[in-house]
Structure formats: C-alpha cells, structure tokens
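Here is the structure we will look at, set down as structure tokens.
In what follows, chains are A, B, ... by sequence order, proteins preceding strands, each numbered from 1.
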There are 2 protein chains.
Amino acid sequence: MAKERVTVIDIARAAGVSKSTVSLVLQGSSLVNEATRAKVNAVIRDLGYVYNRSAANLRQAKSKIIGIVVNDLTNSFFAELAVGVDAVVQSAGFVQFLANTGEKRERQREVIASMREHGVSGLIISPARGTDAADLAPLVESGIPVVLVVRDIAGAGVSSLISDNRAGALAAVRHLVARGHRRIAFLGGFADTAVFEARMRGYRDALREAGLHAEDKLVIGSAPSRAGGVTAIEQAMMLEDRPTAALCFNDAVAFGVCDGLRARRLEPGADFAVIGFDDVIEAKTAVPALTTVSVDPQGMGERAAELLLKQIKAGRAEPEAIVSPVRLVIRQSCGAAVERKVKEVSS
Amino acid sequence: MAKERVTVIDIARAAGVSKSTVSLVLQGSSLVNEATRAKVNAVIRDLGYVYNRSAANLRQAKSKIIGIVVNDLTNSFFAELAVGVDAVVQSAGFVQFLANTGEKRERQREVIASMREHGVSGLIISPARGTDAADLAPLVESGIPVVLVVRDIAGAGVSSLISDNRAGALAAVRHLVARGHRRIAFLGGFADTAVFEARMRGYRDALREAGLHAEDKLVIGSAPSRAGGVTAIEQAMMLEDRPTAALCFNDAVAFGVCDGLRARRLEPGADFAVIGFDDVIEAKTAVPALTTVSVDPQGMGERAAELLLKQIKAGRAEPEAIVSPVRLVIRQSCGAAVERKVKEVSS
DNA sequence: CTGTTAGCGCTTTCAA
DNA sequence: TTGAAAGCGCTAACAG
C-alpha cells in the first residue's frame with residue numbers, strides 16, 4: 001500500500017501500448033483490438049489501477065455527476081425521493097451527489113455553489129423554505145439544467161415537478177362529504193408555503209362545491225409534526241361545535257391527531273375520520289387505520305431524474321412544469337391493512 | 001450565459017495580477033496584500049467565476065470530499081445518520097458524497113469504486129447485509145481511512161462504531177422483569193445479522209439473570225417491518241401460554257405489534273407491554289405510548305465523522321472499535337409524550 | 001508580496 | 001488500429 005499512484009502511463013508501459021490506447025479501453029471504445037483490450041484490462045487489474053475522475057473531468061470539462069439537494073433529509077419523504085432519483089441516475093451511468101440543506105437558505109447557497117464547482121451536469125432541487133428566484137438566478141444563468149421538485153418557485157424559469165396538492169385535498173374532502181361529514185377541519189401546517197396554500201384551496205373548493213361553509217375556526221395551523229397534530233386536535237375539540245372529521249396537512253400531523261383522539265378515548269377512523277397527506281412516512285410504515293392522500297416519493301424522484309436527464313441530453317430545453325398525480329388511498333381496518341386505490345386524481 | 005468558462009487566468013488578467021496571486025486569494029492565503037485580495041475578489045464576483053475543483057483536485061491529488069455509503073436510505077435511521085455525518089463533515093470544510101446501496105453488495109462495490117475514483121479522502125460505511133472483509137479489502141489496502149458504522153465486519157481491520165445492542169436489550173428486559181413480567185417475547189428481525197444476535201444475547205442474559213427460562217416459542221422472527229410486527233404478535237397470541245410483554249427487534253416491528261394488539265382490542269402499554277429498539281423512526285415521530293431502547297442516529301453519525309476526520313488528519317491511525325451507548329426511554333401516556341431518560345447503559 | 005514555470009492524469013486531434 | 005503531442009484549470013516551487 002501507499003504505493004505510488006498508478007496512472008494510465010504505467011499501465012500503458014506494462015501492457016506495451018500507448019497512453020491513448022489505454023484511454024480508449026477505459027472508455028470502452030470499440031476502436032481497439034480485442035486482444036489489446038484484454039491485455040490492458042488484465043494489467044489494469046494487476047496493478048490495482050484506479051481511474052482518476054478529476055483528471056478526466058478536467059480534460060472533458062464535464063462530469064457525469066448529478067446533484068440533488070433536499071431541504072430535509074430527516075424527513076423520509078425526501079430520503080425516498082433521493083432514492084428514486086438515484087435509481088435512474090445510476091442506471092444512466094451518472095453518480096449522485098446528495099446534499100441536505102435542513103431548510104437553511106444559506107446552506108443551500110453553499111451546497112449549490114459546491115456542486116457547481118464540482119461540475120455537476122444537472123441539479124434536482126427541493127428548495128429550502130423561503131427560497132426565491134433570485135437565489136437560483138446565478139445557477140440558472142450558468143445554463144446547467146435544473147429541475148425543481150415538491151416546491152415550485154415562481155419566476156425561476158426552470159422545470160418543476162410538484163404533486164397535485166389541490167386535487168388531493170379536493171378528493172379527500174369529497175370523500176368525507178360523501179360519507180356524511182359536514183364539519184370538516186383542516187389541521188396542521190403553516191400558511192406560508194405554496195403547498196399549504198394549494199391544499200387549502202382544494203379543501204375550500206370541495207366545501208364550496210358541497211354547499212358547505214368554510215369556517216375559519218376549523219382551520220387550525222400548527223407545526224407539521226406529530227406534536228403539532230396533538231395540539232391542533234386538542235384545539236379543535238375545544239370548539240363549541242366540534243368537527244367530526246379532519247384533513248391533516250401531512251401524515252405526521254395525522255398521527256398526532258390520532259394520538260390526541262385516543263387520549264380522549266376516541267378511536268380514529270371509527271369515532272372521528274382522519275385523512276392525511278402522506279408526505280412524511282412512506283406507505284409501508286403508515287398507520288393502516290388512516291385514509292391518506294398519497295404521493296409516491298420514489299416515483300416522483302424517478303420522474304424528476306428522467307426529466308433532468310432528458311434536459312441534459314437535449315443540451316438546453318424549454319422548462320416544463322409537471323404536476324404529479326396523487327391518489328386517495330382508503331385503508332380499512334387496523335392491522336389487516338387492506339387497501340384499495342380509489343382513483344388517481346389530477347386536476 | 002453559455003459564455004466561455006472563466007478561469008483564473010481571465011481573472012488574473014482582469015485584475016492585473018498573476019495567476020498564482022489569484023490562486024492564493026482563492027485559498028485564502030495570508031500571503032497576499034489586502035488591497036490586491038479585495039480587487040481580485042471583486043473581479044471574481046464580476047466575472048461570475050466558478051472554481052474548478054476537478055483541476056484543483058488533480059493538481060493536489062486530494063479532494064476534500066468524504067464519502068458515506070448507507071445500506072438503506074429509505075430507513076430514516078440511516079438518513080439521520082447521514083445528516084449527523086454531514087453536519088460535522090461540512091463544518092470541517094469537506095463535502096459529503098452520499099450513496100445508497102439498498103442492501104446490495106454489488107451496488108456497494110460500485111459506489112465504493114466510484115468514490116475512490118473521485119478521490120474521497122475518507123469513507124464512512126454502513127455495510128450492506130452480508131458484506132465481508134474481502135469486499136472491503138481493496139479499499140482498505142489503498143490506505144484511505146474507513147470507519148464502519150452500525151454493522152461491524154470481522155477482520156476488516158478498520159475502525160468501527162456500533163451501538164451497544166446487547167446492553168440495550170438487557171436493560172429493556174430488566175425493566176420488564178422489574179415490572180413483574182415473566183413471559184417476555186422477542187419479536188421480529190431475522191437471525192442472520194450481528195445486530196439480531198447481540199440483541200438476542202442481551203434478551204437471554206437478562207432472562208437468565210432473572211432466573212427465567214428462555215423459551216424458544218417466545219422468540220418469533222419476522223421481517224423487521226411494521227407488517228412483520230403484525231404477523232409476529234399474531235403468532236405470539238396463538239400460543240397457549242401467551243406472553244404479557246415483548247421486546248421488539250426495532251420500532252417498525254413494535255408499531256406492527258401495536259397494530260396487532262389493537263386489532264384484538266388490547267391497548268399497548270396498558271394491556272401488554274411493548275418495548276422496541278428505536279432504529280427506524282426517530283424519536284420525534286415515535287409512538288409516545290411505547291418504551292424504547294434508543295440510539296441517536298445523528299449523534300452516531302457525528303461521532304463517526306469525527307473519528308474519520310481524526311484519522312484523515314493523522315494520516316494513518318490504528319483502527320478503533322467504539323461501542324456507542326444506548327438508552328432506555330420510558331414514555332408515559334399517549335399524546336402527552338412525557339419522557340424520562342432512565343439511564344445510559346453500556347456494557 | 002507577486003510573477004514565472006512546470007506539471008497533476010487524462011483525453012483528443014492528427015498521423016502513421 | 002495505435003502512437004505522439006498538446007492542453008484542460010489549477011497549484012507549488014522558486015525567483016524576483
């Protein structure tokens with residue numbers, strides 16, 4: 001070990017060919033004689049050669065790496081998203097450079113800069129809260145393909161892939177209405193995101209459509225977490241005119257709502273209907289008792305990666321805005337986890 | 001956009017200095033006059049210069065990037081681990097290259113190779129199931145610092161950081177015994193991992209210590225998932241002599257066990273005691289009603305990164321094996337989520 | 001404190 | 001099909 005670094009030139013010498021022949025072999029070129037190739041490969045193995053991508057990237061001025069930056073890797077939605085991206089990126093012969101911003105714009109700036117320095121050929125970004133078009137401007141101007149996921153940014157001028165939050169909320173509330181609920185709460189989340197806004201819009205539209213009045217009291221914001229859900233449902237239960245059902249901002253909130261209901265000896269699903277957007281916890285660990293509005297994060301990641309690769313291949317393409325359909329998943333009893341996909345909805 | 005790439009030479013020209021002065025400025029060297037530095041920096045900004053790390057890495061034969069490879073990013077335990085690593089790696093001025101193997105050894109080989117090609121200065125690996133010392137041999141021989149986390153590999157000859165699974169199981173079972181339980185099941189997990197083995201050892205040791213017989217029937221393996229937990233508890237409840245408590249292989253299993261109990265109208269915690277290792281779902285979304293054996297994945301990631309950085313700095317250090325303590329967390333009632341840390345345990 | 005010079009390891013014309 | 005030579009953008013001596 002700690003032997004001198006072996007380079008193409010060493011392996012060329014050992015194989016009795018020239019540098020460039022070795023290079024061709026490395027690239028899997030068909031311009032090289034089968035026997036030569038075999039010999040070169042043998043020597044490569046024997047000498048324990050490791051390819052130096054820095055050199056190759058420098059020379060070629062490109063990198064075969066694509067970056068993905070997520071706002072919260074701790075949230076399994078985004079971890080799944082990254083896994084989805086990785087799957088397609090990898091099979092296209094790229095490697096993935098993943099960074100987590102933890103919702104911090106400053107950190108986001110840094111990681112994007114770092115990725116540019118590393119010469120990524122494209123970037124998938126799930127932006128930190130509060131990111132605006134100006135944050136992305138230098139990146140976008142540099143001409144490197146970018147696709148935004150989950151959260152769109154007005155005026156950024158890049159492709160985006162977001163789930164159809166309005167349609168999901170609409171379908172959820174319609175479902176509740178069809179089951180006879182008249183007092184339906186919207187619990188959890190903060191009003192300053194586009195996602196919240198879209199879900200709220202679907203909620204209100206469905207109520208209006210059913211001829212129900214959307215009461216402000218029934219909209220209770222909270223942290224989009226389990227603890228937030230507990231708080232929100234407690235507040236809801238203090239109302240004179242209690243709701244009988246709730247659409248929750250996400251599944252973490254929905255879990256908290258269930259906790260809060262159980263604390264009051266109410267069985268979620270039976271005594272009080274709960275629907276949550278399936279953002280945080282993927283289907284396989286979700287609470288079976290709940291009905292959820294689901295988006296498949298891996299699938300979303302795959303689609304985002306495909307879109308990005310397309311743009312990389314195309315050189316410079318028109319930005320596209322894609323809404324990814326969501327589905328309402330009705331889960332029956334606890335434990336049995338019988339599911340029925342009711343429908344795919346898309347506005 | 002699509003302007004010619006601007007290089008140090010351009011900025012040198014524009015600033016009226018030489019290449020090397022620019023280079024020094026880029027590296028924050030103190031050898032350069034304040035006025036010159038300011039001017040150079042201004043030009044850098046004006047021209048929209050982006051540093052080319054491929055070139056720098058090539059020249060310096062090193063990279064300021066550290067790799068982390070995890071076996072299952074979909075599992076939030078590992079996502080958290082990665083976040084912990086990132087935090088320290090970042091503040092040390094490195095960037096993180098994260099790859100997911102999805103428990104596939106072949107994929108693991110590829111990503112490790114890829115990272116080597118990119119010239120990472122160190123690697124943190126949570127190995128895919130079934131990884132052996134031979135898989136890691138080429139990497140280890142190359143002399144680049146490696147630290148293994150979560151799963152150790154016998155004979156690999158590198159540092160490792162694993163949590164004290166035996167001590168955790170021991171503490172959990174002691175707790176149950178102290179509360180009067182005599183028939184304690186071990187539910188979930190597959191017997192082919194070192195982690196399973198260690199937890200099982202702690203379980204058996206605690207039973208022996210309490211003078212209880214470890215019945216084979218009370219050990220019920222299953223997939224380490226929510227669904228697996230449902231299956232396992234159902235099987236347990238079919239026994240003639242039912243258990244009154246269970247130690248679950250991980251928290252996903254514990255959730256499933258709770259589902260299964262509720263399906264039988266038993267309240268977890270009240271009618272049947274459930275303890276799970278807190279592997280999958282981090283504390284903030286964990287079921288408050290459960291008592292858990294917790295390892296803090298972020299903390300573990302941080303420690304692993306610190307260890308790695310130490311080794312990188314030291315050049316070549318002795319491998320160290322560290323066991324990370326776990327703690328038994330007693331959670332009280334549902335919703336209120338009152339917790340009390342009973343103690344840190346370490347064998 | 002700043003400029004000159006010589007490569008890092010690879011790819012890529014262009015000839016042979 | 002293979003070889004020779006040039007150079008990607010940067011840094012590291014070494015002079016000045």
message: I'd like to know if A/E318 and A/K310 make a salt bridge, using a cut-off of under 4.0 Å between side-chain N and carboxylate O.
response: no
query: Under 3.5 Å, is there a donor-acceptor pair linking the side chains of A/N71 and A/S126?
result: yes
- prompt: Do you know the tightest heavy-atom contact between A/G157 and A/P319?
  reply: O-CG, 3.3 Å
field: Spacing of B/N57 atom CG relative to C/dG7 atom C1', expressed in whole Å
entry: 16 Å
message: What I want to find out is whether B/E306 reaches B/K313 closely enough, with some N-O distance under 4.0 Å, to be called a salt bridge.
response: no
message: Nearest whole Å is fine: how far is C/dT11 C1' from A/K62 NZ?
response: 11 Å
- prompt: Side chains of B/R303 and B/S324: is there a donor and an acceptor less than 3.5 Å apart?
  reply: yes
task: Do nucleotides 6-12 of chain D as a string where each nucleotide becomes B, S or -: B if the base has a protein heavy atom under 4.0 Å, S if just the sugar-phosphate does, - if no protein is that close.
output: BBBBBBB
Short N-O contact, B/E110 and B/K104, less than 4.0 angstrom: no
message: Can you measure B/R116 atom CZ to C/dG9 atom C1' for me and round it to whole angstrom units?
response: 16 Å
query: With a 4.0 Å cut-off, would you call A/R105 and A/D135 a salt bridge?
result: yes
- line: Correct closest heavy-atom pair for B/V120 and B/L123 would be CG2-CD1, 4.1 Å
message: Does anything in residues 28-38 of chain B come within less than 4.0 Å of DNA chain C? Heavy atoms only, and list the residues if so.
response: B/L31, B/V32, B/N33, B/T36
- prompt: Does B/T21 put a side-chain nitrogen or oxygen below 4.0 Å from OP1 or OP2 of C/dT2?
  reply: no
